[in-house]
Amino acid sequence: MSAYESILFDQEGPVAKLTINRPQALNSLNQHVIEEMLEAILTEMNPDVRVLILEGAGDKAFVAGADIKSMLEMSPVEALEFSRVGQNLLNVLEQIPQIVIGKIQGFALGGGCELALACDILVASTKASFGQPEANLGLIPGFGGTQRLVRRVGLPQAMDLLLTGSGRRLSGSEALTLGLVSRLVSPEQLEEELEKVVKSILITGPFASREIKRLVRESSEMSLRAGLNSESTSFAACFALGDPREGISAFLEKRSPSFE
Ligand code: HXC
């Protein structure tokens, strides 16, 4: 476990866990927290890590947004920098080869909802609550919310959520229905469900899971034709760089595969 002020970062074998550790401020994000997250992910995370779990400390909030206090006296120049640093973190989460799993046990509001949107898989508890209340502060989302939310839930829901601000919160089950999260369980089952997801990923081929993430992420910026070409190249690359013979042999021999 490393020494950071506002986060905890722990890695063991193929699994790393980053905990935003400011429960007294509902794990809200100031620039320092974001910089610590970037430092842990970019400089400390072992390349052998396959899964990164992202969570907020305590049971009340994943992240209740950007740190409102830190924005009170912000100049436009500082605001630009803050938005760009936050966007950079979310871009990094989408671009790293590790599969990022967000554990959402409570509030995921504003920048917290935006951060969740950059995770590859979201496992939420029925106590989770999503929303984009920035407009009530006279602000807009600055960590990508106007762009990622509409791609995720479509224009009508994104407009409604963004324009009505604190007037609309999504419960865990609404978030599941809208495709914001992919798994929803009771608070008591959250940890167990998370472990199931991690275990399922760890028994897949490492090259395959990295390529699936990359291809799915890149699909939103590609034509269908370009994306399909990219998929075929990557499928072929599995045979050169991955380990499909082990996976296929294991299936035929009715045993578990042992990759790498
Ligand atoms: C700083 C926050 C905070 C935040 C909560 N706190 N959210 N501090 N930034 N985003 C602090 C409170 O001030 C309080 O501190 C403590 O956490 C507990 O919160 P309470 O409000 O007392 O809890 P509760 O009554 O249960 O209400 C929970 C809540 C509410 C509904 C989540 O805290 C809330 O509405 N928070 C703000 C959510 C929000 O607007 N987020 C969007 C931020 S803008 P004290 O010291 O009083 O105990 C944003 C922009 C992103 O995210 C883009 C930037 C570029």
Side-chain angles (χ1 to χ4, degrees), residues 4-8 18-38 41 54-94 102-119 122 124-153 157-175 180-181 187 190:
Y4 292 97
E5 194 188 330
S6 307
I7 65 166
L8 304 171
L18 195 161
T19 309
I20 299 156
N21 191 27
R22 301 179 76 223
Q24 72 288 355
L26 301 188
N27 305 318
S28 53
L29 304 171
N30 56 35
Q31 193 158 324
H32 180 67
V33 181
I34 295 171
E35 282 165 357
E36 286 197 338
M37 292 173 75
L38 279 166
I41 294 165
L54 203 56
E55 65 171 17
D59 57 9
K60 199 168 167 182
F62 169 63
V63 169
D67 184 333
I68 296 173
K69 281 178 207 149
S70 77
M71 294 188 288
L72 181 62
E73 303 291 345
M74 224 172 231
S75 70
V77 171
E78 288 166 337
L80 183 66
E81 166 73 5
F82 186 42
S83 170
R84 289 206 169 139
V85 170
Q87 288 186 359
N88 183 34
L89 169 67
L90 273 59
N91 291 341
V92 163
L93 292 173
E94 289 182 341
K103 176 184 153 193
I104 317 290
Q105 79 283 32
F107 294 113
L109 300 177
C113 189
E114 295 178 279
L115 179 63
L117 287 169
C119 295
L122 287 179
S125 114
T126 44
K127 290 224 171 114
S129 177
F130 297 84
Q132 297 284 172
E134 286 94 337
N136 293 80
L137 300 167
L139 290 174
I140 68 163
F143 296 157
T146 61
Q147 304 305 304
R148 286 194 181 87
L149 189 64
V150 67
R151 286 166 167 79
R152 184 77 148 253
V153 301
Q157 292 293 348
M159 280 291 193
D160 189 335
L161 277 158
L162 292 162
L163 292 173
T164 62
S166 60
R168 180 111 191 269
R169 288 268 178 76
L170 295 179
S171 65
S173 63
E174 286 173 295
L180 199 77
V181 307
L190 188 58

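The chain is numbered in sequence order, starting from 1. In listed order, ligands and their atoms are each counted from 1.
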Contacting atoms of ligand 1, where contact means under 4.0 angstrom from a heavy atom of [X]:
X: L137; answer: 40 (O), 43 (C), 44 (S)
X: M71; answer: 44 (S)
X: K69; answer: 46 (O)
X: G110; answer: 42 (C), 52 (O)
X: L109; answer: 32 (C), 38 (C)

Could you tell me whether [X] and ligand 1 have an N or O pair separated by under 3.5 Å?
X: K60; answer: yes
X: G111; answer: yes
X: G65; answer: no

**Message:** Evaluate L29 against M37 for side chain to side chain contact (heavy atoms under 4.5 Å, CB included), listing each step before the verdict.
**Reply:** CA-CA 10 Å; L29 304 171; M37 292 173 75; 4.2 Å; yes
**Message:** So, applying side-chain contact (heavy atoms from CB on, under 4.5 Å) with F130, which one of V181, L109, L161 is it?
**Reply:**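 Answer after filtering V181, L109, L161: V181.
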**Prompt:** Only one of L89, D67, N88 clears side-chain contact (heavy atoms from CB on, under 4.5 Å) with I34; which?
**Reply:**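 Per the side-chain contact (heavy atoms from CB on, under 4.5 Å) rule, the option paired with I34 is L89, out of L89, D67, N88.
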Could you tell me the residue and atom name of the protein heavy atom closest to [atom], and the distance to it rounded to 0.1 Å?
atom: atom 16 (C) of ligand 1; result: Q24 O, 3.4 Å
atom: atom 37 (C) of ligand 1; result: I68 CD1, 3.7 Å
atom: atom 3 (C) of ligand 1; result: A25 O, 4.0 Å
atom: atom 55 (C) of ligand 1; result: F143 CE2, 3.3 Å
atom: atom 33 (O) of ligand 1; result: L26 CD1, 3.8 Å
atom: atom 8 (N) of ligand 1; result: S28 OG, 3.9 Å
atom: atom 38 (C) of ligand 1; result: A64 O, 3.4 Å
atom: atom 53 (C) of ligand 1; result: G142 N, 3.2 Å

Specify whether the nearest protein heavy atom to [atom] is under 4.0 angstrom away.
atom: atom 12 (C) of ligand 1; value: no
atom: atom 47 (O) of ligand 1; value: no
atom: atom 21 (O) of ligand 1; value: no
atom: atom 44 (S) of ligand 1; value: yes
atom: atom 26 (O) of ligand 1; value: yes

**Request:** Using side-chain hydrogen bond (donor to acceptor under 3.5 Å, both in side chains) as the criterion, list what pairs up with S173, not counting sequence neighbours.
**Result:**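 Once residues adjacent in sequence are excluded, the partners of S173 under the side-chain hydrogen bond (donor to acceptor under 3.5 Å, both in side chains) criterion are S171.
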Under 3.5 Å, side-chain donor or acceptor atoms of residues 110-118 against the rest of the protein: list the pairs with distances, not counting sequence neighbours.
unit_1: E114; atom_1: OE2; unit_2: F143; atom_2: N; d: 2.9
unit_1: E114; atom_1: OE2; unit_2: G144; atom_2: N; d: 3.0
unit_1: E114; atom_1: OE2; unit_2: G145; atom_2: N; d: 2.6

Neighbour count >12 (heavy atoms, 6.0 Å) for atom [atom1], [X]:
X: R84; atom1: CZ; result: no
X: M159; atom1: CE; result: no
X: E73; atom1: CD; result: no

**Message:** Main chain of S28, side chain of R22: is a donor-acceptor contact present, judged purely on distance under 3.5 Å?
**Reply:**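 Flag set: sc R22 to bb S28 pair under 3.5 Å.
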**Selected option - heavy-atom contact closest to atom 40 (O) of ligand 1, from P133, P23, G112** =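 It is P133 that holds the nearest heavy atom.
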**Message:** Regarding atom 31 (C) of ligand 1: of the candidates M74, E114, R169, E134, which has the closest heavy atom?
**Reply:**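 Considering heavy atoms of M74, E114, R169, E134, the nearest to atom 31 (C) of ligand 1 sits in R169.
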Looking only at non-hydrogen atoms, find the nearest pair between [X] and [Y] and report the distance.
X: L54; Y: C119; result: CD2-SG, 3.9 Å
X: L162; Y: P141; result: CD2-CG, 3.5 Å
X: I20; Y: N27; result: O-OD1, 3.0 Å

**Message:** Any heavy-atom pair between the side chains of T19 and E55 that's under 4.5 Å?
**Reply:**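 With C-beta onward as the side chain, the pair touches.
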**Request:** Determine, step by step, whether K127 and D59 satisfy the salt bridge (Lys or Arg N to Asp or Glu O under 4.0 Å) criterion, reporting the C-alpha distance in whole Å, the side-chain angles of both residues, the deciding distance to 0.1 Å, and the verdict.
**Result:** CA-CA 9 Å; K127 290 224 171 114; D59 57 9; over 6 Å; no
